[in-house]
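Written below as structure tokens is the structure these notes are about.
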Number of protein chains: 2
Amino acid sequence: MRIAIGDFLLSRLQDAGITEIIGVPGDFNLNLIEQIDAREGIRFVGTCNELNAAYAADGYARSRGLGALLTTYGVGELSALNGIAGAAAEHVPLVSIAGAPPLYATEARYDLHHSMGDGNFENILSSVGQITAAAVRITPHNAVEEIDRALHTALREKRPVHIQVPSDITHLTIEAPQEPLNTAWPSSDPERLASAVERIAELFAAAKSPVLLVDLDADRHGFAESLQQLAEKTQTPYAQLASGKGILDEQSPLFLGTYNGAGSAPDVRSTVENADLLLTTTPRFIEANSGSFTHNLPADAVVDLGDQHVTIHGEDYIGITVQELLDALLETLPAAQTPVTRFREETVEWEVAPDAALTQQRLWPRMARFVREGDVVITEAGTSNIGLGPQPLPSGVKYINSGIWGSIGFTLPALLGSQLAAPSRRHLLFIGDGSFQLTAQELSTILREDLAPIIVLVNNRGYTIERWILGMRSAYNDIANWDYGKLPEVFHPGTSMVSYSASTEEELEQALAQIDGSSAGAFLELHLEPEDAPAGLKAFGPMTADFDYGPRGPRNP
Amino acid sequence: MRIAIGDFLLSRLQDAGITEIIGVPGDFNLNLIEQIDAREGIRFVGTCNELNAAYAADGYARSRGLGALLTTYGVGELSALNGIAGAAAEHVPLVSIAGAPPLYATEARYDLHHSMGDGNFENILSSVGQITAAAVRITPHNAVEEIDRALHTALREKRPVHIQVPSDITHLTIEAPQEPLNTAWPSSDPERLASAVERIAELFAAAKSPVLLVDLDADRHGFAESLQQLAEKTQTPYAQLASGKGILDEQSPLFLGTYNGAGSAPDVRSTVENADLLLTTTPRFIEANSGSFTHNLPADAVVDLGDQHVTIHGEDYIGITVQELLDALLETLPAAQTPVTRFREETVEWEVAPDAALTQQRLWPRMARFVREGDVVITEAGTSNIGLGPQPLPSGVKYINSGIWGSIGFTLPALLGSQLAAPSRRHLLFIGDGSFQLTAQELSTILREDLAPIIVLVNNRGYTIERWILGMRSAYNDIANWDYGKLPEVFHPGTSMVSYSASTEEELEQALAQIDGSSAGAFLELHLEPEDAPAGLKAFGPMTADFDYGPRGPRNP
């Protein structure tokens with residue numbers, strides 16, 4: 001069939017589940033936005049700036065399976081690049097689209113605005129291409145192949161891809177396939193699959209102490225449900241990395257806790273490190289996930305489930321679609337006869353100390369109790385993620401953070417994106433004041449889109465995570481103290497979002513009671529001391545300083 | 001002498017005139033910030049995010065001659081990249097410094113936060129390196145040579161450079177030269193210089209209608225004062241490109257106006273295009289500077305003054321430091337006997353129409369009258385720059401905009417940077433609401449730094465420049481309507497900045513009278529109609545749409 005190039009791109013995105021494209025208008029993409037507007041079932045959501053749009057598209061992808069970003073050439077793409085890089089680091093499938101100058105002008109090397117004005121139209125694409133799994137400028141000659149290639153790459157590799165669309169080709173028609181984009185996994189090589197299943201089944205049969213250790217790829221590749229079933233059928237206890245929090249049910253008796261090398265609870269550490277069969281999902285052992293590189297997995301017991309390969313005791317079985325392997329294992333492996341009867345502490349009653357000032361130590365267990373089954377919980381890097389991370393959350397909670405890339409400011413726009421992608425789920429965001437200031441304006445778009453999240457702003461007057469690394473009382477870690485509670489009304493006069501503020505446990509309880517009884521959005525500002533930190537940060541800070549600055553660093557002058 | 005690597009870098013920046021380094025703390029740069037804090041005569045200014053920091057460092061460079069930016073690895077550098085690219089496009093000397101992971105960890109390819117977690121530490125540097133004139137990760141072995149090379153490149157080529165500083169080397173000492181950084185221009189090849197001077201003097205002697213056409217390089221390389229003297233001594237009339245506005249005195253009888261190809265005033269166009277000697281400073285003929293590529297310079301009359309070369313009628317004289325050429329020409333060329341007696345219209349009295357709603361047509365001539373000699377005037381891309389651009393401003397005004405790169409949101413942080421660099425000058429910013437929202441939080445830093453600019457927010461409910469290109473009434477060009485006037489008080493409770501608002505000419509006059517009589521900062525919100533635009537934009541919009549979308553675009557479906 002003949003179809004306009006812009007419409008072809010949009011139809012492919014729709015095939016992959018996209019109903020919102022998030023971005024910022026610019027002259028090189030207005031024409032594509034017109035095509036979005038004219039199309040059923042897909043719409044453009046404008047954000048205040050492009051980095052925020054990228055973060056939002058990342059959040060959207062985490063809840064929807066794919067995100068789509070639209071920017072304009074040069075100024076827009078590069079503004080978004082840190083957000084695109086976050087998707088690369090965090091293995092998030094993201095289609096970044098940029099309206100580019102007209103094809104004839106790039107080929108004739110015109111001096112144009114939004115370029116260096118020197119006829120060079122390769123530098124921006126090369127710059128973005130260092131970061132993405134595919135980066136291409138499409139033409140009428142290659143649009144069908146390149147668009148499908150980029151989308152397959154994003155969907156299968158769970159990485160960002162970048163497509164520049166010259167502004168003069170969107171309305172030209174091309175011959176394109178009638179069939180929708182094939183989003184199915186390719187099937188495995190039958191022999192390799194059968195061999196891997198057989199080998200793993202043998203290992204399971206022989207194992208006395210199997211353990212499953214999950215990390216974020218299990219979420220990105222959609223393995224969570226099968227892994228949960230596998231763990232339950234075989235009664236295999238499981239742990240998670242901090243960056244894999246909440247992928248498997250934290251309320252199950254099978255749940256061990258978080259593995260973090262020497263920073264783990266002793267029983268979690270010994271159970272994982274002494275497993276005689278350790279199923280992993282490509283664990284990401286960066287500093288914060290490994291107790292500063294003190295992780296020690298039993299190499300001769302590890303079976304790693306990748307995306308298109310399985311590694312068994314160091315031997316690679318390639319050409320395997322791991323979901324097929326999981327399906328086969330679920331059929332093959334016998335159900336365990338005795339359920340694991342691991343003792344889990346009963347939740348103790350929470351006693352409020354009404355006049356007590358809020359502390360990091362008591363805040364996070366309290367906030368964990370506020371979370372409901374099925375919520376989406378988003379925690380910003382810093383005290384929020386480090387504080388809430390160790391608290392087991394209810395079943396069915398989706399937990400979003402940026403544990404690898406760690407870009408502060410990510411979560412407020414990510415909240416926007418996730419809630420656009422999953423509007424029926426209650427969304428809670430926990431964010432510090434330092435992080436909030438980077439991307440604060442996106443609260444405006446959240447309100448404009450009529451979303452009603454619960455935003456908990458932990459105001460400790462600056463970058464407390466940095467304070468615990470270096471400069472505890474240095475002015476550079478302090479930031480301006482905004483009148484945060486007024487922002488919902490400033491950004492959206494007449495908003496239904498309600499602002500609350502609490503400095504004591506009683507004030508917090510009153511606010512939470514009101515928030516819990518209302519369907520309106522909430523903006524809850526909590527006042528905490530600048531030097532107060534969760535226990536995890538008090539350990540992480542000095543360890544990071546040692547790692548970063550070494551024996552001749554500023555802490556040891 | 002032996003000196004810590006961080007201190008050496010800072011001392012070199014101080015040699016080049018830096019007293020403020022603008023950026024955002026992160027664990028890989030906290031150690032360098034400690035060194036800044038410990039040093040006399042230089043300080044760290046924290047902004048809300050890294051893109052804003054880059055914009056601010058760019059603004060600083062335009063008023064100081066060099067800017068310095070400090071970010072952290074990956075997340076920070078890439079967030080700043082669009083701002084760094086703006087400096088590249090606009091020929092602004094900017095030293096971008098990023099704290100990087102420890103050298104031993106990058107060499108051993110550790111999986112780290114703020115990286116892709118895959119041991120690759122080349123991708124970020126390569127990405128930034130596509131955009132900058134130099135990009136390097138320093139080590140104790142190369143720090144002296146690479147830092148000096150980067151600074152010389154920035155200062156001489158007027159481009160951004162990027163230096164990654166591993167977090168574990170800042171406090172190590174190295175052997176470094178005692179002498180300060182040599183910031184002098186290298187001297188010219190004497191023969192080439194003499195030949196060029198002689199040739200140009202001959203051309204001047206023969207010329208009946210010499211003209212000088214200035215663009216932004218004249219500002220960046222510091223030629224403005226010499227060019228002004230040259231024009232006056234030889235009574236050579238001069239025009240400017242829009243991107244070269246205000247470099248030469250707009251009140252002089254020698255000032256012709258703005259050259260913009262077919263978009264020029266007829267007498268400007270014919271004077272420039274019929275010159276028999278046309279001195280240029282490497283004009284940047286992008287769409288907006290060339291009347292959509294209708295410029296037509298007399299090739300056989302052009303003498304182009306570059307930075308280290310002069311091109312005379314197509315013949316390159318290389319190895320010349322142009323400032324030396326200008327000095328020699330000022331000595332050599334005879335003073336004109338008859339002054340140019342070009343008639344300039346007397347400024348007519350301005351009659352206020354008290355009840356009249358504000359219009360773009362009347363707003364900009366009025367605002368031009370509000371500007372004082374010696375002010376710094378910053379105009380955002382869109383209606384502000386297009387509206388104020390054609391209005392001649394008082395002598396000694398510095399005019400800052402982003403005419404080539406055109407990144408919206410640039411000017412609010414650029415205002416911060418310029419005012420830090422030139423605190424004794426009154427600063428005025430003209431910015432639309434659409435642009436303001438991209439980087440709005442930096443108002444907080446402006447107030448925290450106790451700066452008192454006059455900010456004029458042109459609220460026309462969205463992206464009016466885009467509306468005139470495409471989608472005049474499309475929702476994607478509308479944005480949220482904030483309660484802007486409350487922001488100074490939200491971002492800095494107790495601020496001395498006063499908010500004003502005006503919809504009519506009378507309200508505008510009252511606000512301007514109050515602002516003019518006060519030394520406090522002002523935030524003046526003007527309400528204009530979404531579809532109202534300066535005449536220049538009404539012409540530019542459809543021309544841009546034709547250029548961008550071509551005959552099969554959305555305007556001609």
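Proteins get letters first, then strands, A, B, ... in listed order; numbering begins at 1 in each.
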When the 4.5 angstrom heavy-atom criterion is applied to H492(A) and chain B, the contacting part is neither

Between CD1 of I479(A) and OG1 of T445(B), what distance do you get to the nearest 0.5 Å?
9.5 Å

Heavy atoms only, distances under 4.5 angstrom: which of G26(A), G471(A), G403(A) has the most pairs with chain B? Name it, please.
G26(A)

Polar side-chain atom of Q437(B) near backbone of C48(A) as donor-acceptor pair, under 3.5 Å:
no

Is there a side-chain contact between E489(A) and D483(B), using heavy atoms and a 4.5 Å cut-off?
no

Checking heavy atoms, do the side chain of T439(A), its backbone, both or neither come under 4.5 Å from chain B?
backbone

Could you tell me whether the side chain of E466(A) reaches within less than 4.5 Å of the side chain of L30(B), counting heavy atoms only?
yes

Could you tell me whether the side chain of N49(B) and the main chain of L438(A) form a donor-acceptor pair under 3.5 Å?
yes

Keeping the roles fixed (side chain from S167(B), backbone from Y549(A)), state whether a donor-acceptor pair exists under 3.5 Å.
no

Quick one: of L78(A), N82(A), V24(A), who has the most non-hydrogen atom pairs under 4.5 Å with chain B?
N82(A)

Chain B heavy atoms under 4.5 Å from A381(A): which part of the residue, side chain, backbone, both or neither?
neither

Rounded to the nearest 0.5 Å, the NE2 atom of H113(B) sits from the CD1 atom of I404(A) at a distance of 11.0 Å

Short side-chain to backbone donor-acceptor contact, D111(A) and I286(B), under 3.5 Å
no

Proximal component of A288(A), with respect to chain B [non-hydrogen, under 4.5 Å]
neither

For the pair Y110(B) and F547(A), evaluate ring-ring contact (aromatic ring centres under 6.0 Å, His included) and give the outcome as yes or no after the intermediate values.
CA-CA 11 Å; Y110(B) 278 56; F547(A) 182 84; 5.7 Å; yes

Report the distance from atom CG of L81(A) to atom CD of E77(B), rounding to the nearest 0.5 Å.
10.5 Å

Does the separation of the ring centres of F491(A) and Y484(B) fall below 6.0 angstrom?
no

Between A89(B) and M116(A), what is the shortest heavy-atom contact and its length?
N-SD, 3.5 Å

Choice from P101(A), S126(A), G46(A) maximising heavy atom contacts with chain B below 4.5 Å:
S126(A)

Side chain from CB out, backbone as N, CA, C, O: work out which of these in D27(B) comes under 4.5 Å of a heavy atom of chain A, or both, or neither.
both

I would like to know whether D118(B) and R284(A) meet side chain to side chain contact (heavy atoms under 4.5 Å, CB included); could you show each step before the answer?
CA-CA 9 Å; D118(B) 61 359; R284(A) 313 283 306 277; over 6 Å; no

If you tally heavy-atom pairs under 4.5 Å between each of D37(B), L112(B), N31(B) and chain A, the highest tally belongs to L112(B)

Is T47(A) in contact with chain B via its backbone, its side chain, both, or neither, using a 4.5 Å heavy-atom distance?
backbone

Looking only at heavy atoms and a cut-off of under 4.5 Å, which of G117(A), S444(A), P493(A), G6(A) has the most pairs with chain B?
S444(A)

Given a strict heavy-atom distance threshold of 4.5 Å, which part of V45(B) is in contact with chain A: side chain, backbone, both, or neither?
neither

So do the side chains of L487(B) and V490(A) get within less than 4.5 Å of each other, counting heavy atoms only?
yes

So, the part of T544(A) with a heavy atom under 4.5 Å from chain B: the answer is side chain

Partner chain A: residue of F28(B), F44(B), F410(B), F436(B) with the largest heavy-atom pair count (under 4.5 Å):
F28(B)

When the 4.5 angstrom heavy-atom criterion is applied to S474(A) and chain B, the contacting part is side chain

Proximal component of S115(B), with respect to chain A [non-hydrogen, under 4.5 Å]:
backbone

Which one, A85(B), G129(B), A80(B), leads in non-hydrogen pairs under 4.5 Å with chain A?
A85(B)

So P25(A) and N477(B), do their side chains get closer than 4.5 Å, heavy atoms only?
yes

Proximity breakdown for L51(B) and chain A, heavy-atom pairs closer than 4.5 Å:
side chain

In this structure, CG of N123(A) is separated from OG of S127(B) (nearest 0.5 Å) by 11.0 Å

Quick one: does any side-chain atom of D168(B) pair with a main-chain N or O of D548(A) as donor and acceptor, under 3.5 Å?
no

Sort out for me which of A4(A), G409(A), S407(A) touches chain B most, counting heavy-atom pairs under 4.5 Å.
S407(A)

Within a strict 4.5 Å, meaning less than it, do heavy atoms of the E122(B) and Q130(A) side chains meet?
no

Interface moiety of Y476(A) toward chain B, non-hydrogen atoms closer than 4.5 Å:
both

Is H114(B) reaching over with its side chain to a backbone N or O of W405(A), donor-acceptor style, under 3.5 angstrom?
yes

